[in-house]
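Have a look at the structure below, then the notes.
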There are 2 protein chains.
Amino acid sequence: MAKTAVPEEQRRRRRPTKHGTVLTHELIVETALRMLREHGVQGLTARRLGLALGADASTLYRYFAGLDELTRAIADALMQRAMTGWTPGGEWRADLRDLGLRIHAAYLAHPQAAVLAASRVSGRAHEIAADEAILGVLRGAGFADPAAVRIYHVFIDQSLAFAALDAASLALPDEAREADEAVWQATYARLPSGTHPHIAATSGLLAQRMNESAYPAALDLLLSAAAAELTTRP
Amino acid sequence: MAKTAVPEEQRRRRRPTKHGTVLTHELIVETALRMLREHGVQGLTARRLGLALGADASTLYRYFAGLDELTRAIADALMQRAMTGWTPGGEWRADLRDLGLRIHAAYLAHPQAAVLAASRVSGRAHEIAADEAILGVLRGAGFADPAAVRIYHVFIDQSLAFAALDAASLALPDEAREADEAVWQATYARLPSGTHPHIAATSGLLAQRMNESAYPAALDLLLSAAAAELTTRP
DNA sequence: GGGCTTACGCCAACGTGGTTGACCTTCGCC
DNA sequence: GGCGAAGGTCAACCACGTTGGCGTAAGCCC
């Protein structure tokens, strides 16, 4: 029964695995992040992670109760990376734009973590720190509490939601990307302006945007709307 | 080798399954949607879908090359449902708000379909219709083509991204929801105002928002920002 | 030092997932 | 009546997350 995975504190004996590695929570999470970077989301499985650590997959259950908990730890490590190096400079709009892009970029490597992080309360340290920082920037800028909470909510969920979406797109094999390109050329680009005038008229612009994330544009629109709220009711 | 699944057109003979059902592409997709509604994302597997149809799982491969293609068909059916009943009334902001909420609600039942639909070019009929409609509303409202395309891009991706996120949250078992509630009470609600003043000050508002989707707020902010762009440069 | 407890590694196994190849049946057609 | 293919079933494969049992070594107490 591995349901009672031992928490980080009371660990005593470090026994090396068959191949010499000595396991820790941190090493496992870092290895998982490396696998995500190198082989995408599909490439990270309990079995392969164990193999990469020189250990058996079941050994992971001594450290994490299951994949859920591991994913949560990964999500928090990602949030940590997003936050380190970010220092608010006093201009709330620039600060939030910077942080949003950082969070989006950090989570881009792991959609499942992004989904999990946004859909569950983790209570982990770095996520709490991010929440506190965002709320601080907004309240410091002069937003009333209800508006600050509302904008905070949209800000954080939007970062994670777009990260999950964009990561899914990035994880596609080149073959699928080429297939998409072919589909686009075969359908959208050939739609007659009689039946689909708007697509036909903008197909050049659409093709340009097709392969890039909508997140930066979404972030700018969010910040614009927020700034407008702030000036109309100061 | 089921790689060459027969397309919808040239089908001739309809042989009933063991239990009498006669399969079609539409029946399979509808059954899949019903399973999604009743048992969530986890409840939809090729094996169970086959069982629900009174057929063997491998039979599905006669109709769809794999789960990817099936998911794509489901995504298009969802978009169809979102679009039917929507008739633009001439006020672009109200029209887009309505359509956004419809798309979000329709996709809420299937996050994987939402992710797939947004991250790949499907070329399916109803998605093209939605693209054309959204672009039409924006261009009709007076947006120049680059702005229209940019807002369209944010609009559609935002709907799907939030749907994926919110569906993941909805799919959680009650047990997980209670665990989240407990975690929240144990950590966020007890943070001292000394170290986390902003969370402490807004914890009541935060708790209120915790279990609801940020999408409506995000949609309103998007439309506000768009409206502002329209009036400043008419 | 001897024995006890405990952490923690490995192994074998289970159940379920998507997917495939081999086979059988029925239909439409010459 | 024979033929080819659409379209059904069945058995099997491999990978996944997960678990129970077992070995082993570190730390602790006497």
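Order of the sequence lines sets the chain letters (A, B, ...), proteins ahead of strands, with each chain counted from 1. What you see is a predicted model; the values in this text were computed from it and never measured.
Atom CZ of A:F64 and atom C1' of C:dC8 are 15 Å apart (whole Å). Atom-to-atom, CG of A:D56 to P of C:dA12 comes out at 10 Å; the value is rounded to the nearest Å. The nearest whole Å value for the distance from the CG atom in B:L53 to the C1' atom in D:dG7 is 14 Å. In this structure, B:L60 atom CG and D:dA6 atom P are separated by 18 Å, rounded to whole Å. Between the C1' atom of D:dG8 and the CD1 atom of B:I28 lies a distance of 12 Å, rounded to the nearest Å. A straight line from NE2 of B:H25 to C1' of D:dA6 spans 12 Å, rounded to a whole angstrom.
Looking only at side-chain heavy atoms (C-beta outward), B:V154 and B:I151 stay at 4.5 Å or farther from each other.
Residues passing the side-chain hydrogen bond (donor to acceptor under 3.5 Å, both in side chains) test with B:H153: none are found, sequence neighbours excluded. Residues satisfying the side-chain hydrogen bond (donor to acceptor under 3.5 Å, both in side chains) criterion with B:D131, sequence neighbours excluded, are A:Y188, B:Y152.
Between B:T59 and the phosphate of D:dT9, there is a side-chain N or O to OP1/OP2 separation shorter than 4.0 Å. For B:Y63, a side-chain nitrogen or oxygen approaches OP1 or OP2 of D:dG8 to under 4.0 Å.
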Is there any protein nitrogen or oxygen under 3.5 Å from a nitrogen or oxygen in nucleotides 13-17 of chain D, and what are the pairs?
| residue | atom | partner | partner atom | Å |
| --- | --- | --- | --- | --- |
| D:dC16 | OP1 | A:T45 | OG1 | 3.3 |
| D:dG17 | OP1 | A:A46 | N | 3.2 |
| D:dG17 | OP2 | A:A46 | N | 2.8 |
| D:dG17 | OP2 | A:R47 | N | 3.4 |
| D:dG17 | N7 | A:R47 | NH1 | 2.4 |
| D:dG17 | O6 | A:R47 | NH1 | 3.1 |
| D:dG17 | O6 | A:R47 | NH2 | 3.0 |

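The side chain of B:R62 has D:dT9 as its nearest neighbour among D:dT9, C:dC8, C:dT19.
A side-chain N or O of B:Y215 and one of B:S159 form a donor-acceptor pair less than 3.5 Å apart.
Just one residue in the list B:L44, B:L108, B:T31 forms a side chain to side chain contact (heavy atoms under 4.5 Å, CB included) with B:L36, and that residue is B:L44.
When atom types are taken as modelled, the side chain of B:Y107 and the backbone of B:A75 share a donor-acceptor pair closer than 3.5 angstrom.
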